[in-house]
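Naming convention: chains lettered A, B, ... in sequence-line order (proteins, then strands); numbering from 1 in each chain. Small disclaimer: the values here were computed from a predicted structure and weren't measured.
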Amino acid sequence: MSLLAIDKLSIRYGDSLAVADIGFSIEKGESVGLVGESGSGKSQTALAVLGLLPATAAVGGSIRFDGQELLGADNRALEQLRATRIAIVFQDPMQALNPFVTIGAQLQRILLQHEIGAATDARNRVIDMLARVGLPDASRQYRAFPHELSGGMRQRAMIASALLAGPDLLIADEPTTALDVTVQAQILDLLEDIREDTSLLLITHDLGVVAGRCERMLVVENGRLVEQGLTREVFASPQHEHTTALIKAAPRLTDSGAPAAKRGEGVLAISGAEVRYRSKGGQVIPAVRDVSFSVSAGETVAVVGESGSGKSSLARAALGLVPMRAGRVVYCGDELAADLGDRSKATRRGMQLVFQDPAGSLNPQMQVAGIVGEPLQVHEASLTKPERRQRVAAMLGKTGLSDEFLERYPHELSGGQAQRVAIARALILEPKVLVCDEAVAALDGTVRKQILRLLRQVQEESGLAIIFITHDLAVVRAVSHRVLVMYLGRLVEMASNDALFGRPRHPYTRALLDAVPVPDPENAGGRTTVTGEVPSALQPPTGCAFHPRCPHAEDVCRAQRPVVTDHDGTLVSCHLATELASAHR
Amino acid sequence: MNRSMKVSGSILLGIVAVAFIGPLLSPHDYLQTNFDNLLQSPAIGGAHIFGTDDLGRDLFVRSMLGVQITILVAIVASVVSLLIGVTYGAIAGYLGGRVDAVMMRFVDTLYALPFIFFVILLMVAFERNFLLIFVAIGAINWLDMARIVRGQTLSLREREFVEAARLTGVSTARIVFRHIAPNLFGVVIVYVTLTIPQAILVESFLSFLGLGIQEPQTSLGALVDAGVNQMEGASWMLLIPAALLAVILLCFNFFGDAMRDAFDARDKK
């Protein structure tokens, strides 16, 4: 008998069908990946298993857990089941933990509430579990509040709380989506190692995550299960066209990358950039330290780093949105003022930005025509209303939106459409430099590909210089000509696309590349070569900022900050760059 | 539109309609005293359905006049507080930094003034008149409005669409009026419907103390005050205006709450 058997499950909200006729089973000890784009019904399915759907949902079909029917079971039985036999780990651990109660107390409560094991022993068992999920100094973390832990540590604590009662089934709903890539690899490793004979249902939008971790996989589209099978077989010969499309859209590091740049003259150069913030307590937080780079017309430079690396601050400083403490910004030969307000109208026109959150970057009270037309109102005030409207319609057409979108409000747009509108607004002034700040991070795989293609097309037509800020190395591989890798506000490596992915020189770059999950079960990657997480910028480590996590660190790394040196055209900031390069050859 | 909004809205509309049309149809006048008809009790179908007061004036006409003035004061005071509060709060919130600090400390200082003392000062310094009551009530209410609007603006200012506008060179004034203000609308409109009952209460309180509307004009507060003096012999003089006041306040409160729920739901979408 299967541990979990779902048959003809359907979930309906009023007239809209969220899940239609899904059926699958999970055996004891098995790990199964449930893959789909946003809105495909994958999370709804998980919530149905847990009995956590809102009262407005009409559920049909059958969910049997260890022979027991869960649909229609009374709350008490479900509660008991959730406490002891089915556990879940959510995407955002901060939302799932009570901020006013220490980690230890929250976990201990689980044991006491459900009378699992001896009450006198509860504290020790919690500390044991915290140690098993890799919290360093577990007895100290036992007394920590959630906000005192980093994102990765919080997710470890959540996994500890899920496994505390020794469940038979662990459901992980996008457990690593909110985490940095090196931490993601650590958490996925942990899930794999720690679960023993607990069955795992891993819900994700990322095929790479499933490829390396799950024995079987299920693919859902629009609430329907379109394919299931052994992960290896599904990847080798997908049967359904949606699976094929997903696999095709999934980013890979081996992609040939962007076509050679038709590099024109330099348009923007930043040298010696320093950005600092002041915390509420008056402490100075250095966000960017002494970074220099330049972009030419027709070129895409990717700025990569994990959270806290200063990549967004660097771009914002270049745009004048945050003040730069030191350094120069040279645009088309002219040095620019540090503050946006002091810059001339022409330079403001020449540099535009596309944001991560497509919905948040559009004024919800304005129609698309007004949003895209506003820059024209400022910079070409002489245009008449019909002329402006015509320009807006033409621009929207370029980004793949028809005239009927002119009168729409942002909430009537999908994520991809909203991002097209944001791109149209940025491009309508025909800028020379476009900064994309995680511009595709919030989009599903297929939409992401379309947006990237759109940007490349615009670049080929107009010779636009693009600065692409992202944490996603697969995107970098696909779009950039040159790559700048940052760590704790400093440049660690800058190289051409092929050089960086073909021969990473800095240990951090290598760790980033190793950590990326790849949608290929034979060679899945997603393994981590570094431990720990990015330290706080308030107290950066001495010497090389990366040394506490670096597998190669030597005494000199702890004592001295490395300088940026040139190795065959690649800029590297590492004491051991030469030795490591020859060792890896 | 949910049910409590519909019910409370239509009761309010009914009361307001009667208050403005009723006195026109009545043969009596709010000024006209009649010493042959002192303290007549209410009689449906009689000459005075709400009875008369201690000067023989028709209580129906006077009550309706009270409702008119009370609602007028409340609405004008709310509009005053809306205009000052939104402008002040949006400017402080958007400009931020030192400007914000100075502007908000000024609000804090005003908050610290004892309100009644403030009103009495105003009454002593200037002639007693209608306008003064509007000003006094508005001057108190805008403080809350300014704080709420400033808080909202602070978070709106960080939103990406405002940053995008700044980047393209949209002027500060245009950002405040095109990008910030329209997005404040939901919060503000809800808050206004909740300030109206507050303003009604303040006006009634002032009139009850004899500081507000002066004879022969009247408001519900002033009528209640007069009613209290005649409570033992002529309870209707207290009960009728008090009941009207209570119903109006309840309706506004329900309406405001329903409005807030409606806007919250839209935000979640």
Could you list all the salt bridge (Lys or Arg N to Asp or Glu O under 4.0 Å) pairs where at least one residue sits in residues 179-195 of chain B, not counting sequence neighbours? none

Indicate the atoms forming the closest heavy-atom contact of Pro364(A) with Phe161(B), along with that distance. CD-CE2, 3.7 Å

Heavy-atom pairs under 4.5 Å with chain A: which of Ala164(B), Ala165(B), Ser171(B) has the most? Ala164(B)

Would you indicate whether Tyr13(A), at its atom OH, is surrounded by more than 12 heavy atoms from other residues, nucleotides or ligands within a distance under 6.0 Å? yes

Got a second to check how far Ile371(A)'s CD1 is from His179(B)'s NE2, nearest 0.5 Å? 8.5 Å

Below 4.5 Å, heavy-atom pairs only: which of Arg343(A), Arg349(A), Met366(A) has the largest tally toward chain B? Met366(A)

Whether the side chain of His379(A) engages the backbone of Gly169(B) through a donor-acceptor N/O pair (distance < 3.5 Å, no angle test) should be reported. no

If you count heavy atoms of other groups shown closer than 6.0 angstrom to CZ of Arg408(A), is the number above 12? yes

Are more than 12 heavy atoms, taken from residues, nucleotides or ligands other than Tyr111(B), located less than 6.0 Å from that residue's OH atom? yes

Straight-line distance of Ile180(B) CD1 to Gln365(A) CD, nearest 0.5 Å: 12.0 Å

Assert top hit (heavy-atom pairs under 4.5 Å, partner chain B, pool Leu353(A), Leu319(A), Leu321(A)) equals Leu321(A)

Pair count under 4.5 Å, heavy atoms only, with chain B: among Arg425(A), Gln377(A), Gln356(A), Met351(A), highest is Gln377(A)

Do Asp357(A) and Glu160(B) have side chains that approach each other closer than 4.5 Å (heavy atoms only, starting at C-beta)? yes

The interface call for Leu340(A) against chain B, heavy-atom contacts under 4.5 Å, is side chain

Note: Glu374(A)-Arg178(B) ion pair, threshold 4.0 Å (strictly below): no

Are more than 12 heavy atoms from other residues, nucleotides or ligands located less than 6.0 Å from atom CD of Gln95(A)? no

Answer with side chain, backbone, both or neither: which region of Leu429(A) has an atom nearer than 4.5 Å to a non-hydrogen atom of chain B? side chain

Gly360(A) and Arg159(B): which non-hydrogen atoms are nearest, and at how many Å? O-NE, 4.2 Å

Evaluate whether atom CZ of Phe254(B) has more than 12 neighbouring non-hydrogen atoms of other residues, nucleotides or ligands under 6.0 angstrom away. no

